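Beneath this line is the structure, given in structure tokens, with notes to follow.
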Amino acid sequence: MVPFAGWSLPLHYGQGHLQSHLHTRRRCSLFDVSHMLQTRVYGRDRVRFMESLVVGDIAELKPGQGTLTLITNERGGIVDDLIVTNTSEDHLYVVSNAGCADKDLAIMRGRAAELQATGSDVHLEVSDNALLALQGPSMARALQAGLSDDLAKLSFMNSITTTVFGVPGCRVTRCGYTGEDGVEISVPAGRAVELAEQLLGDPEVWPAGLAARDSLRLEAGLCLYGNDIDETTTPAEAGLLWTLGKRRRAAMDFPGAAIIMAQVKEKPKRKRVGLTSVGPPIRPHTAILGPEGTPVGTVTSGCPSPSLGKNIAMGYVETAHSRAGTSLTVEVRKKQHPALVTKMPFVPTQYYVAK
């Protein structure tokens, strides 16, 4: 067990990190991610409220559809990345990072109070549900056994409220942090252990911890808040411009829009890239050097890839050195080792789209 954002979380279970990681890619793993902040936003002005904080087009989400989006600050920096779902009930369902929970809640409550003071109809509820992530190619088979709904009809980033293995009132969202087909299940906290035990009753479902979660998300090219993105990185630098809604770009009505849209036109000075290398593992804060041996960037995440058998990393480099196929070097323990700028994801993603 390790401390994480004020919680005590499992690093790994009996199988160890490597076996757990590979099992998720080949079969299926269950992650307890109840530390994440789950919020519901009610009121007829809930979309306007959400769009005053984030860069995404929340108004265009169909009932049951969600999107990854970013809360930005006036300098164009990323305050948090979060998933916002337009439920088919009367609210938005928001999942954000545990490490940003206090900050996000303060921002959301502050904005809600501002809007309420001018007569807007919006209010927040923090959910005390647990959150279980079932991830991997066996997920659909394992979960379908406990569902009356047909999972084949549920596409990536879509969500339903249903009964799961006899536990009513669960929200099942087809998403995750591994690059595999997966779901996150928001379940009433009092019945979370019961549901987890039901899922782990399937011999193909293993429990997994933070170690596998980190190496899986890195292979999938997904950012970890606080490492790969923070309030000093912009969506343009981070390669996250796809989160900006088309209508939002035109209206420039999100925090930091002038700075972010200027970077869209002029290209940012640095960019988040993937790196691969052989030799000693590349860890965060490792210096990235250009052809002349001068520093051109810094690693933000890195580990040996269990799936690929080589080192993978992501970091920021000067834009001139950001093209895939560029040869750079990394400095590990005062020695230089070759590294190659590599397109992400490092391992192809398996997100499911209903036929």
Side-chain angles (χ1 to χ4, degrees), residues 54-56 68-82 97 99-100 103 214 217-245 248-249 252 254-277 279-303 305 310-332 334 336-346:
V54 304
V55 299
L68 180 78
T69 191
L70 309 170
I71 298 179
T72 45
N73 62 29
E74 294 305 333
R75 298 178 305 283
I78 300 170
V79 176
D80 198 9
D81 61 323
L82 58 163
N97 289 301
C100 298
K103 173 175 81 169
D214 193 50
R217 68 93 193 166
L218 187 49
E219 286 184 347
L222 301 171
C223 292
L224 173 62
Y225 192 88
N227 280 46
D228 310 305
I229 48 175
D230 60 30
E231 296 197 21
T232 70
T233 55
T234 67
E237 293 170 340
L240 295 174
L241 288 175
W242 61 270
T243 62
L244 272 64
R248 307 301 308 278
R249 289 180 188 223
M252 288 181 61
F254 51 87
I259 292 168
I260 293 166
M261 293 313 295
Q263 288 187 348
V264 172
K265 287 193 187 74
E266 293 150 23
K267 301 282 181 285
K269 292 183 173 63
R270 58 175 187 157
K271 276 189 165 169
R272 180 174 65 95
V273 297
L275 295 169
T276 50
S277 77
I282 319 174
R283 300 295 182 194
H285 313 297
T286 299
I288 305 169
L289 310 176
E292 290 80 45
T294 51
V296 296
T298 309
V299 171
T300 53
S301 286
C303 69
S305 162
K310 58 184 170 187
N311 301 317
I312 58 170
M314 62 171 86
Y316 287 82
V317 298
E318 293 168 9
T319 303
H321 303 282
S322 64
R323 190 183 288 267
T326 303
S327 294
L328 299 171
T329 53
V330 286
E331 194 166 58
V332 184
K334 301 209 167 92
Q336 294 185 13
H337 301 271
L340 191 69
V341 177
T342 305
K343 269 206 167 113
M344 294 184 286
F346 299 103

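Because only heavy atoms are used, hydrogens play no part in the values below, and waters and symmetry mates are left out as well, while side chains stay in. Numbers for residues simply follow the sequence, beginning at 1. The shown structure was predicted, so the numbers you read here are calculated from the model rather than taken from an experiment.
- Residues T276 and T342 bring a donor and an acceptor atom of their side chains to less than 3.5 Å of each other.
- For D228, the salt bridge (Lys or Arg N to Asp or Glu O under 4.0 Å) partners at least two apart in sequence or on another chain are R217.
- Using a cut-off of 4.0 Å between Lys/Arg side-chain N and Asp/Glu carboxylate O, E318 and R270 are scored as not salt-bridged.
- Counting only distance, with no hydrogens or angles, the side chain of N311 and the backbone of P280 share a donor-acceptor pair below 3.5 Å.
- In terms of heavy-atom proximity, V264 sits nearest to R249 at CG1-NH1, 4.3 Å.
- For residues 257-267, every residue pair satisfying the side chain to side chain donor-acceptor pair (under 3.5 Å) rule, not counting sequence neighbours, is listed here: T234-Q263.
- By the 4.5 Å heavy-atom criterion applied to side chains, I288 and L275 are counted as neighbours.
- Taking 4.5 Å as the limit, every side-chain heavy atom of V273 sits out of range of all side-chain heavy atoms of Y316.
- Heavy-atom neighbours of K103 NZ from other residues, nucleotides or ligands within 6.0 Å: above the threshold of 12.
- When side chains are defined from C-beta on, Y225 counts as touching C100, because their heavy atoms get closer than 4.5 Å.
- Atom-to-atom distance recorded for I229:CD1 and M314:CE is 9.5 Å, nearest 0.5 angstrom.
- In R283, the CZ atom is crowded: over 12 heavy atoms of neighbouring residues, nucleotides or ligands sit closer than 6.0 Å.
- Heavy-atom minimum distance, P235 versus L244: CB-CD1, 4.1 Å.
- Rounded to the nearest 0.5 Å, atoms OG (S301) and NE2 (H285) are 9.5 Å apart.
- Contact annotation: the side chain of L68 approaches that of D81 to within less than 4.5 Å [non-hydrogen atoms, C-beta and beyond].
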